[in-house]
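In what follows, every heavy atom counts, from backbone to side chain, and hydrogens, waters and symmetry copies are set aside.
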Amino acid sequence: MSIGQGHRLVAVHHGSCRMTGSRVKPVQAEEARRLIGEDGSLACQLCRPDTELGML
C-alpha cells in the first residue's frame, strides 16, 4: 500500500517476497488474481505472484 491518504495499492507480492515492507495487507488467492487481472502491472516483478497463482 502507498503512503498518504487513501492507501492506494502499489503491488501484489507473494507471501515470502523480500520486497514487502510494513504496509502490507494480506489477501486471499482469489483476491490477488482479481487485482492482478484488473491491472497486470500490479504483480511484483521480483516474486512474480502471477506465475505462482497460475495466471501465466
Side-chain angles (χ1 to χ4, degrees):
M1 309 288 281
S2 66
I3 345 177
Q5 190 174 19
H7 300 289
R8 175 179 77 78
L9 178 65
V10 175
V12 176
H13 298 275
H14 184 273
S16 62
C17 182
R18 66 176 184 230
M19 294 302 291
T20 59
S22 60
R23 296 181 310 273
V24 176
K25 176 186 169 194
V27 296
Q28 297 294 320
E30 286 303 316
E31 178 70 1
R33 283 186 190 96
R34 184 186 69 76
L35 292 167
I36 293 171
E38 289 176 359
D39 185 354
S41 69
L42 290 177
C44 172
Q45 298 299 303
L46 183 64
C47 68
R48 299 305 307 207
D50 46 356
T51 303
E52 185 73 24
L53 292 166
M55 298 179 73
L56 289 180

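- Listed by first and then second residue, the salt bridge (charged side-chain N to carboxylate O under 4.0 Å, His left out) pairs that reach into residues 37-47 are Arg34-Glu38, sequence neighbours excluded.
- Rounding to the nearest 0.5 Å gives a distance of 5.0 Å between CG of Leu42 and CG of Leu9.
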Ignoring hydrogens and angles, write down the donor-acceptor pairs under 3.5 Å from the side chains of residues 49-56, residues two or more places apart or on other chains.
unit_1: Asp50; atom_1: OD1; unit_2: Arg48; atom_2: NE; d: 3.2
unit_1: Asp50; atom_1: OD1; unit_2: Arg48; atom_2: NH2; d: 3.4
unit_1: Asp50; atom_1: OD2; unit_2: Arg48; atom_2: NH2; d: 2.7

Show every donor-acceptor pair shorter than 3.5 Å between a side-chain atom in residues 10-19 and any protein atom, with sequence neighbours excluded, or say none if there are none.
unit_1: His14; atom_1: ND1; unit_2: Ser16; atom_2: N; d: 3.2
unit_1: His14; atom_1: ND1; unit_2: Ser16; atom_2: OG; d: 3.0

